[in-house]
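Shown next, in structure tokens, is the structure this report addresses.
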Amino acid sequence: MIVMKFGGTSVESAVAIERLRDIVASRLPEQPIVVVSAMGKTTNRLLEAAGLAVAGQRAEALDKVEALRAYHHAEADRYGAAVVIDEHFQELTELVRGLAILGELTPRSIDAISSFGERISSRVVAMALGAKHVDSRDVIVTDTRHTQAVPLYAETNAKLAAVEWGAVSVMGGFIAATAAGVTSTLGRGGSDFTASIVGAGVDATEIQIWTDVDGMLTCDPTVLPGGRRVKAISFAEAAELAYFGAKVLHPSTVVPAIEKNIAVLILNSRRPEVAGTRITAEGPKSKDVAKSIACKKSITLVNIQSTRMLMAHGFLRRIFEIFDRYETPVDMIATSEVSVSLTIDNTARMETIERELREFADVDVEHDKAIVCLVGDNLRWQPGVAHRLFRALDPINVRMISQGASLRNISVVVAQSELREAVERLHREYFTDVDPEVFE
Ligand code: ASP
Ligand code: MG
């Protein structure tokens, strides 16, 4: 069996659903389990409606629900789904009216509302494919942490094992239920997680994540177009890239699959002929040093220097306590005896943070920076990595460098105005002559 997951854009319209149908039809011998997201931006719209309802804007909330109903009818009635859609919207409307009366949104009611997207889309796609519908709430069992529920694997796997799968089966991603049968969700973007849970549970031979990009690329296309497709990558490399903002998939969602050694493929539903990116626990055997260049734009660099020449101890603790107190994540860090440089992404609380730091340190804040990060499992085996990197970047001014404990990435901070040039130089250096088995 294989699991084929289709995200919101891959089920957003009748045209998209037809594409999905062709793609699934080409994989029938593998007895696919199709996992779908809500159609288009439905989840966002549902949450907006809920927000309006509890804020006392009952009419606006109901208007949003009606607009969603019209959208679903327009795209999905042709599959015979009109009655199913109306039944769901009747229940949804009652729920929104209830929220308007209560004026309060609990995590549990957020899940009740946001589940409707996948409850409906999975029924629609099952009808479009003439496939068996499996309600995810009957098989994915979670704890009671609503909106971020964690699967209970023993219970879930037992239920998955008991399902009589069809030649093709369709399930909604993202949605689940607690042991008591209350609807829960796995967190925003949770459909990838569902695909991975189901794939691991049924021992699928492969998990396919169908999305709207060709897979992972050697560089961020919004910074430098024309990168190569990475055909194969290790889980650790993919996780590192995801952390640095490659939005293709959230690494924690594929853990259940990787633990069972099941390959996860990223594929483009608009260009199914492209072979995508294959993520496996081990990754490909290749001599190439790097797999990809990730970037993070609009970064702020903070240089902190102790005002007492020799701080005995506690300097780092004091610094990080302040960032922690103001819930500001630190991305990169480099330290010496009396100074610390670090980067942050979110500057909302920076003024206060700066004021508190100044009580014991000199602080210098530089805006408009970018992080460029070279990622590859083989980086750790390469002598002279930093030398090669600096030579390739010359004469771009590197404001900070860090090679993390994973040894799988080396990151530099440059001025945002030099980001494109930095990426271009590194791309030329590391991806001009590469293994055709691993890169397109
Ligand atoms: N529909 C859910 C969301 O928008 C889950 C998903 O698409 O993965 O977050
Ligand atoms: Mg998604």
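For ligands, and for the atoms within them, numbers begin at 1 and follow the listed sequence. Throughout, numbering of the chain's residues begins at 1 and tracks the sequence. Keep in mind it's a predicted model, so treat the numbers as computed, not measured.
- Salt-bridge check for D138 with K159: failed, with every basic side-chain N at 4.0 Å or more from each acidic carboxylate O.
- Contact annotation: G173 has no heavy atom less than 4.0 Å from any atom of ligand 1.
- Atom CZ of R380 is surrounded by more than 12 heavy atoms from other residues, nucleotides or ligands within 6.0 Å.
- Close approach of ligand 1 to S37 is summarised as follows: ligand atoms under 4.0 Å from at least one heavy atom of the residue are 6 (C), 7 (O), 8 (O).
- Residues E429 and R425 are not paired through a salt bridge, judged by the lack of any N-O separation under 4.0 Å between the basic side chain and the carboxylate.
- The distance from ligand 1 to the heavy atoms of S191 drops below 4.0 Å at these ligand atoms: 5 (C), 6 (C), 7 (O), 8 (O).
- With salt bridges taken as basic N to acidic carboxylate O contacts below 4.0 Å, none links E18 and R78.
- The distance criterion of under 3.5 Å between nitrogen or oxygen atoms is not met by K5 with respect to ligand 1.
- Residue contact check: F174 has heavy atoms under 4.0 Å from atoms 2 (C), 5 (C) of ligand 1.
- Residue-ligand proximity: E118 is placed with a non-hydrogen atom under 4.0 Å from ligand 1.
- No more than 12 heavy atoms of other residues, nucleotides or ligands sit less than 6.0 Å from atom CD of Q90.
- Listed by atom number, the atoms of ligand 1 under 4.0 Å from R188 heavy atoms are 3 (C), 4 (O), 9 (O).
- G8 does not count as a contact of ligand 1, since none of its heavy atoms falls under 4.0 Å from the ligand.
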